[in-house]
Amino acid sequence: MTTKLLRGRTLSFLRWPEGPDDLAACRYEEDGGLLIRDGKIVAAGSFTEAKAGAGDDATVIDHRPHLILPGFIDCHVHMPQMQIIASYGAELLDWLNTYTFPEETKFRDTQHGRRIARLFLDEMVRHGTTSVVAYCSVHKESAEAFFAESHDRDMLNIAGKVMMDRNAPDGVLDTPQSGYDDSKALIAAWHGKGRQHYALTPRFAITSSPEQMEMAQALMREHPDLHMQTHLSENHAEIAFTQELYPWSKDYTDVYEHYGLLGPKSLFGHCIHLSEREADAMSASGSVAVFCPTSNLFLGSGLFDYQRFRTRERPLRIATATDVGGGTNYSMLRTMDEGYKVIALNGEKLNPLASFWQITRGNAETLSLADRIGTLEPGTDADLTILDSRATPVMRLRMETVRNLVEELFLLQTVGDDRAVVEVYVSGKPAKSDLMARQA
C-alpha cells in the first residue's frame, strides 16, 4: 500500500455557507493533516490526529503554509473547443456556425482527438480541476480518446459523445440510429470503467430531431444511472428557434420534459432565460441548472439569476462551469470571479465561502457524487488542490493586509489563476508537478 501524510491548512465544506461569517459551514485546520492510502482519504483533521494513524511507512509531504482543498469540479465544458477559445464577435447561433461546428469537424481524425484530449486534461490539472463534465464531438472516436486519456490518469470524469442530427454541417451530424448505437457502445465500454462516468449528450433541441430525442429517451430508460447533459435557454434567438422546431411545446424546457430528460442527474447548461413554469419544472424534477458566467458574458447571452434561483420557493439545484470554448478561461477561480460580478449586477453578493463551497462540495452534490469527490471526508477519493495565496507579486502585496481566511479566499477568487495552484493530487498522486516535469 502507498501511504502519504499531507500537511497544510486544510479547508472543506459541510454545507452551504449562509454568509461570510458562517464558519460553522466549514472544516478548517490551521495545521491540518490528510492521511491518504491507495488513492483514498483515510483520515482528516489536525496534523497530530492524522499522524497518529499513519504508521511508519507514510511519506510526509509538507505543503505549509498553503491551503489544501478538495479538487475543483467543472460541470460543463467542451473538450473539442480548445482551439476556438477567444474567437471574436458572434452571439450563440452565429458562434456555433462560424467557429464551433467547423472546429468539431476536425475530430473525424482520431489522432487529432487524442492530442486535444491530452491537452485538455493537462489544462484541467494545471488549473486545479480534478473532475469535469465534458462534451466530446459527435464522433465516437472523440469520446473514446477522452475516456482513454482520463482513465490513464485515473481521473473521475463524466463525458459523452454529442448527439446531433440536424441544423449543422454534414461533418458534425449523426443520425438517430447511429447516435443511439454509438452512445450504446460507449456506455458499454466506458461507463463504470475505473472512475469513468458516461453522460448522454444530445447537444440541444435545435440540433436533435424528434426521432433523435426519442432515441435519447430510450437510452435513459435503458441506463437510468447515467448523467444527461444538454443546453437550455442560453439565448433569445435559440429559444425562439426551438419553439419553431417544436411548436407543440409549452416552452423550451417542455421539449426535454416531453422526452423524459429531466431528472436529478440531468445537467442543463446556462438556463438564463427560464420562465417561472420552467423553473418550477426544473425544481420538481431535481434537474441541475449550470451557471457559466464567463461564457454568458462573452457571448452576450444574459445574466444568470443565481441567488433568485437558489432562494425561490421552489429552488433550483445549481452547478458552476467554465464552458470553454464559449467561456474564456479554464480556471474555476476565474469562473467564480466573473460569477461574483454577474450576481452583483443582479443586486446580490456571493460570499467567498459560498464560492469555494460551490466549486467543491456544491458541484459534487449536483453531480450526485459528494460521496466520492468534493470533500475531504475519510473514505472519499483523494482528489486535491493546493493553493498558494502569495503566488504572484499582486497577491503577495495584498496578503500583507489580509486579516482572515475569508478575505484570503476572496483574494484567491478575485486575482488567482493557475499560478496559485501549486499542486494537484488525482487519486492521491501528484498530478501538476508530474505534468510540469513532463513539459519541462
Side-chain angles (χ1 to χ4, degrees), residues 11-28 67 69-70 72-76 128 269-274 276 279 282-283 288-323 327-329 331-366 374 385 387 389 394-395 397-417 420:
L11 174 65
S12 60
F13 296 88
L14 306 174
R15 56 169 173 79
W16 165 266
E18 295 292 342
D21 299 323
D22 188 11
L23 295 176
C26 312
R27 182 171 286 137
Y28 174 69
L67 283 165
L69 290 94
F72 299 152
I73 301 165
D74 185 343
C75 289
H76 180 108
H270 306 291
C271 296
I272 301 169
H273 306 290
L274 296 180
E276 289 302 299
M282 293 276 289
S283 178
V288 178
V290 187
F291 179 27
C292 306
T294 71
S295 173
N296 297 344
L297 292 171
F298 180 68
L299 296 177
S301 300
L303 305 179
F304 182 93
D305 205 344
Y306 182 97
Q307 294 287 48
R308 182 177 68 85
F309 286 154
R310 194 186 63 78
T311 60
R312 66 195 297 273
E313 184 177 350
R314 297 179 180 178
L316 271 63
R317 299 172 69 214
I318 298 173
T320 51
T322 62
D323 192 32
T328 54
N329 201 289
S331 170
M332 293 304 294
L333 296 175
R334 306 280 10 97
T335 294
M336 294 313 296
D337 177 44
E338 295 303 304
Y340 175 86
K341 298 169 190 175
V342 168
I343 293 164
L345 285 170
N346 281 327
E348 303 275 357
K349 295 292 173 69
L350 185 67
N351 75 78
L353 297 176
S355 291
F356 279 85
W357 170 88
Q358 182 68 76
I359 62 178
T360 57
R361 187 184 190 113
N363 277 357
E365 288 180 356
T366 64
T385 294
L387 298 181
S389 303
V394 168
M395 296 174 76
L397 185 62
R398 177 65 176 92
M399 278 296 289
E400 292 179 10
T401 60
V402 163
R403 297 168 297 177
N404 54 47
L405 174 65
V406 173
E407 290 187 0
E408 181 181 358
L409 293 176
F410 195 59
L411 169 65
L412 280 162
Q413 171 186 319
T414 306
V415 296
D417 54 28

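Numbers here are sequence positions counted from 1.
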**Prompt:** Do Phe304 and Pro293 come close enough that some side-chain heavy atom pair is under 4.5 Å?
**Reply:** no
**Prompt:** Are any side-chain N or O atoms of Arg361 and backbone N or O atoms of Phe13, one a donor and one an acceptor, separated by less than 3.5 Å?
**Reply:** yes
**Request:** Give a yes or no on whether the backbone of Gly416 and the side-chain of Arg334 come within a donor-acceptor separation of less than 3.5 Å.
**Result:** yes
**Asked** With side chains defined as the heavy atoms from C-beta onward, is the minimum distance between Asn363 and Gln358 less than 4.5 Å?
**Response** yes
**Message:** Does Arg312 have more than 12 heavy atoms from other residues, nucleotides or ligands lying within 6.0 Å of its CZ?
**Reply:** yes
**Asked** Hey, is CZ on Arg308 packed in by over 12 heavy atoms from elsewhere, all under 6.0 Å?
**Response** yes
**Message:** Can you confirm whether Thr366 sits close enough to Cys75 that some side-chain heavy atom of one is under 4.5 Å from a side-chain heavy atom of the other?
**Reply:** yes
**Message:** If you compare all heavy atoms of Gly19 against all heavy atoms of Asn351, which two are closest, and at what distance to 0.1 Å?
**Reply:** CA-ND2, 3.5 Å
**Donor-acceptor contact below 3.5 Å, side chain Thr320 vs main chain Phe291** = no
**Fill in**
Minimal heavy-atom distance between Met395 and Leu412, with the atoms involved, is CE-CD2, 3.6 Å
**Note, Arg398 side chain near Val415 side chain (heavy atom, < 4.5 Å)** = no
**Request:** For Phe410, enumerate each residue passing the ring pair (Phe, Tyr, Trp, His ring centres under 6.0 Å) test, keeping only those at least two apart in sequence or located in another chain.
**Result:** Tyr340
**Prompt:** Does a side-chain heavy-atom distance below 4.5 Å link Met336 with Leu350?
**Reply:** yes
**Request:** Kindly say whether Cys292 contributes a backbone atom to a donor-acceptor pair with the side chain of Asn296 at under 3.5 angstrom?
**Result:** yes
**Partner residues of Phe72 under the ring pair (Phe, Tyr, Trp, His ring centres under 6.0 Å) criterion, sequence neighbours left out** = none
**Prompt:** Are the side chain of Asn346 and the backbone N or O of Glu348 linked by a donor-acceptor pair below 3.5 Å?
**Reply:** no
**Asked** If we ignore angles and hydrogens, is there a donor and acceptor under 3.5 Å between the side chains of Asp74 and Thr322?
**Response** yes
**Asked** Are the side chains of Glu338 and Leu297 in touch, meaning some heavy atoms are under 4.5 Å apart?
**Response** yes
**Asked** Do Tyr28 and Leu23 come close enough that some side-chain heavy atom pair is under 4.5 Å?
**Response** no
**Side-chain heavy atoms of His270 within contact of Ser301, under 4.5 Å** = no
**For the student: nearest non-hydrogen atoms of Met282 and Ala289, plus distance** = CE-N, 3.9 Å
**Which atom of Val290 lies closest to which atom of Ala321, heavy atoms considered** = CG1-CB, 3.6 Å
**Prompt:** Can you list the steps and then say if Trp357 with Leu14 is a side-chain contact (heavy atoms from CB on, under 4.5 Å)?
**Reply:** CA-CA 9 Å; Trp357 170 88; Leu14 306 174; over 6 Å; no
